[in-house]
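Notes to accompany the following structure.
None of these values were measured; they are calculated from a predicted model.
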Amino acid sequence: MTNGRDCAFTWGRGNTKPEDVAAALELLAPDHGRLWGELAVFATGARVERTVLLALWRERGALDHRAGERLCADLADLSILADHGPTVRLDPDVRAFLRARLDAATLTGVHASLVRVARRRLPPGGEGAAWWLLPCSEGYLWEHLPGHLLESGRVTELAGLLGDLRWLTAKIRACGTAAAEADAALVDTDWARALARSLARSAHVLDRARQWDADPKAVLIPDQAERRAAEARDCLPSELVNQLRGVPELAPLLDTFVRGLPPRPRLFAHSWPSGTDPAPRRTIPARGSAEAACVVAHDSSSLAGIGERVTVWEIGTGRVLADGDSSPVPAAVAAPDGSWLAVAERSTQAICVLDARTGETLKRIPVPGGHPAHLVAAPDGSWLAASTLPPDQTVTVWDAATGEVRTQLHNMGFDMAAGGRWLAVGRPGPVTIHELEGGSPPRVLGPMKAFTGPGEALAPDGSWLALISANDEAQVWDTATGTLRFAVPLTPGCHNALLADAPADGSWLAVTDDRDRTVRVWDTREGTLLAVLAGHTDTIHSRAVSPDGTWLATAGRDGTVRVWDTATWRTRHVLPDSGTALLSSPDGTWLAVGDGDSTRIWDAATGRMRTRVPAFGAFAGAADGSWLATLDRFEAVLRVWDIPARHDSSVAAEPPQPPERVDRARQTAAADPGWSPTVADDGHTVHLRDPATGQVRATLSRHATAVDTCVATPDGSHVVTICTDGVLRLWDTATRTVRTLLTGQESTQLCAVDPDGAWLATDSRDGDDAVIRLWDSATGHLLHTSRFYGQVSELVAGPNGAWLAWRGMHATQRGVTVVAWTISRNENGALRLDRGAELDGAGLLSAAPDGRWVALVERPYTLGIWDTASWKCVAVTWLGTEITHCVWPSDSFGPHVTTSGAEEPFVFDFSCPGAD
């Protein structure tokens, strides 16, 4: 090959010219030019393993390994291939040029050759084309094999592949749920469409199971991970079954898949709670907690979540377009038209500007003067400003298109507000307006009580700025002259005044007053009072204005949201909603009202609820109002919800009021209570009643003082009573005699007893410590004492008598701790204790009827099954919502759990092949 560096070109971003590509082709041998042209078979922008590329050339052109490496080097010299060592990448523009030169038959043949290459990479001895056995190192084939099967005309094989849940499990494990969903879209059948919908809605759960299998430390908090050596592996198959169950089109696929699963402990959902809440169109794992804001791209094709990191997702597929590092994001701002997103990077002391649609980094701008603290953008997106923290407090303004510095301001505040040609800078105290063009001297406003947030409002054209002054006035300033247009006095003692966002024409300003619970609307040109909006009976805490300014919404602590018509300033609707956050859709047709449990969507024209979505967090809507995205900062899940065009008759007219919900899990527990001791009216007698008939089985008397606590074993054979005089008695209910009597138990708060009555445990207080004592029932001797620095809330004896566990809140740690001990007998028959586990972050626990297994709820969305013989986790599932109750009924194969807001339990079946 002749030296082709003179023909090399810069690839990417549309810089490639067809004549450069044609010239490069001329420099290659004819056969090599044909082989190079066939590179168009690979997916756009994908990295291809070098071994796959060389194998394809060997298949298509009998090119040996050495000749293939030489051709790779030649193409890299021409800047046609980007050489990344074990992988190579073809310029997308070059690929488009080459693909246009290939006829359909040739393309189909190359795809078929690539499929044959892939088939030879399967391990020998597999069943047919067992594609799920591809080596994990074949990243390109894992990602793109289904597309090549389709393009090679192997439609039947493709359908068989995608309908085999062994492949689906392996694909999610290798590439994530979004890639598996994209595969399902290649087949036009009812089951494939149902599969794609199900994967879109359950991606956050499946990707979490995938992450758990790969690296449990990435899922669990550090102190949990150090104590759990990831015993519960291979969680993804069970989780996939749980997420796809109940979809009729997928039932045959699931049955075949479950029958072929390797024998190991598994936790399958037997039934899910029914409900009228809609399912999300898509769920996406947010990858980092504390995402606190959402920005939608101008064409609604993508969305960015901003918090401890910035992530950009493609709404249609759930693909991650950009994922920032894990360093906290101190500030971010979006272009007013949603075309770009600027993010302050603490680690690099720079501002990264991203394309909001693709997630591509457009530019990175160094910030002089230290760490950026606040970002603002011009209303037309023409410039971008950043301020730094003290002591420097430098404000820098850049041209948003070029990244060039327009001006710098030193020794200023770090709070900012942006007008079209000016920038206001300050902090509580004086505020200064700086002209960015014309060189006019700065104008000083103030002093101000608050500068940003609900105490600031700005005219869309930048002609005025409203702030809360230090002397409790809402002041409207003319930004061109720096003069005060007018001031609105607030009621003395007002601590929570809100300035509503100005309408599109900036003609009025709404000011709320938490003392008289009204909204006053002022003409911003004349400074005259237009209306006083009364009706709230408690403090107004939120407000929203429709983009076209035709309505104003206010939410109060009186449990109502009022929608005001700005043409007449009369009440349009009173919505019975106690939400704390308001959002208008971009098209002004609906109002979102959110609280800690859910988000309701109200029609702005009719005042009727369109839908309710069981999620809350940062939210943003599509430009046409067709969907709403909620970003939950605690679950770290992004959900996309379809918004119906009109009222949904299946949704109740009023949102559910807190608290009292029917708790079916508690009902289940109450239906199987075991033998229940009750204290008689005299306070000294205990009756033990048969749970089936309610008849008194035994009456236990001879208590000198009132009975304060009584506990029975599950079969009713033994009862423990503790009296106010500090005497503890262990009764044999068959003989109605006291087996053990302990004195000095005045501080005992909880008690648990071995089902056979061989031992009992007590919990008492000693200052700030909880003291757990284990007693030998036969002798009354103290066997063991354990101290817990905190408050114990539950003491549980294993139904098989082989363990003791307690749950409590540690005084120096956040969250709940479960401590478990194994109890056995030595060769002499004496009781022996061994430390089982101390599980930080664990919550609710419930034992299987035989005591071999324990269902344990962790932090607070994960349900695990633990083997009490080893105190290792053997199966786990993640419900994606808070678990409030957990029981394991005696006639059930698995635990029943109730989640926040649900009226019915999740019922699980647990199986462990080969367990004793």
Main-chain N/O of Gly549 paired with Ser546 side-chain donor or acceptor, under 3.5 Å: yes
So among Ile601, Asp603, Leu628, Thr599, which one has a side chain to side chain contact (heavy atoms under 4.5 Å, CB included) with Thr611? Ile601
Residue pair Ala385 / Val397: nearest heavy atoms and the distance that separates them: CB-CG2, 3.9 Å
Find the distance between CH2 (Trp477) and CG (Leu467) and round it off to the nearest 0.5 Å. 9.0 Å
When rounded to the nearest 0.5 angstrom, what is the spacing between CG in Leu362 and CG in Asp355? 5.0 Å
Arg421 CZ: over 12 foreign heavy atoms closer than 6.0 Å: no
The single option from Leu638, Thr177, Thr283 that satisfies side chain to side chain contact (heavy atoms under 4.5 Å, CB included) with His204 is Thr283
From Leu341 atom CG to Cys352 atom SG, the distance as rounded to the nearest 0.5 Å: 8.5 Å
Determine yes or no for a side-chain-to-main-chain donor-acceptor pair under 3.5 angstrom, with Trp627 supplying the side chain and Ile643 the backbone. no
Using a strict cut-off of less than 4.0 Å between a Lys/Arg side-chain nitrogen and an Asp/Glu carboxylate oxygen, indicate whether Asp642 and Arg281 qualify as a salt bridge. yes
What's the verdict on side chain to side chain contact (heavy atoms under 4.5 Å, CB included) for Val488 and Glu473, showing C-alpha distance, side-chain angles and the deciding distance? CA-CA 5 Å; Val488 178; Glu473 290 181 331; over 6 Å; no
Mind listing the closest non-hydrogen atom pair of Pro379 and Pro460 along with its distance? CB-O, 4.2 Å
Are any non-hydrogen side-chain atoms of Phe486 and Trp522 less than 4.5 angstrom apart? yes
Considering all heavy atoms, the nearest Ala622-Ser626 contact: CB-OG, 4.0 Å
So do the side chains of Val511 and Val519 get within less than 4.5 Å of each other, counting heavy atoms only? no
Before accepting this row, confirm whether a basic side-chain N of the pair Arg557/Asp538 lies closer than 4.0 Å to the acidic partner's carboxylate O. no
Between the side chains of Thr483 and Arg485, is a donor N or O closer than 3.5 angstrom to an acceptor N or O? no
Got a salt bridge between Arg197 and Glu181, using NZ or NE/NH1/NH2 to carboxylate O under 4.0 Å? no
Shortest non-hydrogen pair, Ala466 vs Val476, comes out as CB-CG2, 4.1 Å
Has Arg608 got a side-chain atom pairing as donor or acceptor with Trp602's backbone, closer than 3.5 angstrom? no
Locate the shortest heavy-atom distance separating Trp340 from Gly381; write the atom from each residue and the value. CZ2-O, 3.8 Å
Using the side chain to side chain donor-acceptor pair (under 3.5 Å) rule, take Trp641 and Thr630 through it: C-alpha gap first, then chi angles, then the decisive distance, then the call. CA-CA 8 Å; Trp641 310 86; Thr630 59; 3.0 Å; yes
His573 backbone acceptor or donor facing Arg562 side chain under 3.5 Å: no
Under 3.5 Å donor-acceptor, Ser542 side chain and Thr580 backbone: yes
Could you go through the side chain to side chain donor-acceptor pair (under 3.5 Å) check for Trp551 and Thr566 one step at a time? CA-CA 5 Å; Trp551 55 263; Thr566 60; over 6 Å; no
Any heavy-atom pair between the side chains of Arg520 and Val532 that's under 4.5 Å? yes
So, does Trp464 use its side chain to make a donor-acceptor pair with the main chain of Gly506 at under 3.5 Å? yes
Here the gap from Asp461 atom CG to Asp505 atom CG, rounded to the nearest 0.5 Å, amounts to 9.0 Å
Quick check: do Thr554 and Val561 have side-chain heavy atoms less than 4.5 Å from each other? no
Salt bridge check, Asp558 against Arg517: does any charged N sit closer than 4.0 Å to a carboxylate O? no
Would Arg610 and Thr589 satisfy side chain to side chain contact (heavy atoms under 4.5 Å, CB included), going step by step from the backbone distance to the final call? CA-CA 11 Å; Arg610 290 195 189 181; Thr589 58; 3.7 Å; yes
Taking atom CG of Asp565 and atom OG1 of Thr571, what is their separation to the nearest 0.5 Å? 10.0 Å
So, Arg543 side chain and Ala555 main chain: donor-acceptor pair closer than 3.5 Å or not? no
Let's go through Leu583 and Leu591 carefully: what are the C-alpha distance in whole Å and the side-chain angles of both, what is the deciding distance for side chain to side chain contact (heavy atoms under 4.5 Å, CB included) to 0.1 Å, and is it a yes or a no? CA-CA 6 Å; Leu583 173 73; Leu591 172 69; 5.8 Å; no
Note: Pro586 and Gly621 closest approach over all heavy atoms is CG-O, 3.5 Å
Please report the interatomic distance CD1(Ile351) to CG(Leu354), rounded to the nearest 0.5 Å. 12.0 Å
If you apply the rule side chain to side chain contact (heavy atoms under 4.5 Å, CB included), what do you find for Val563 with Leu552, and how did you get there? CA-CA 6 Å; Val563 181; Leu552 164 70; over 6 Å; no
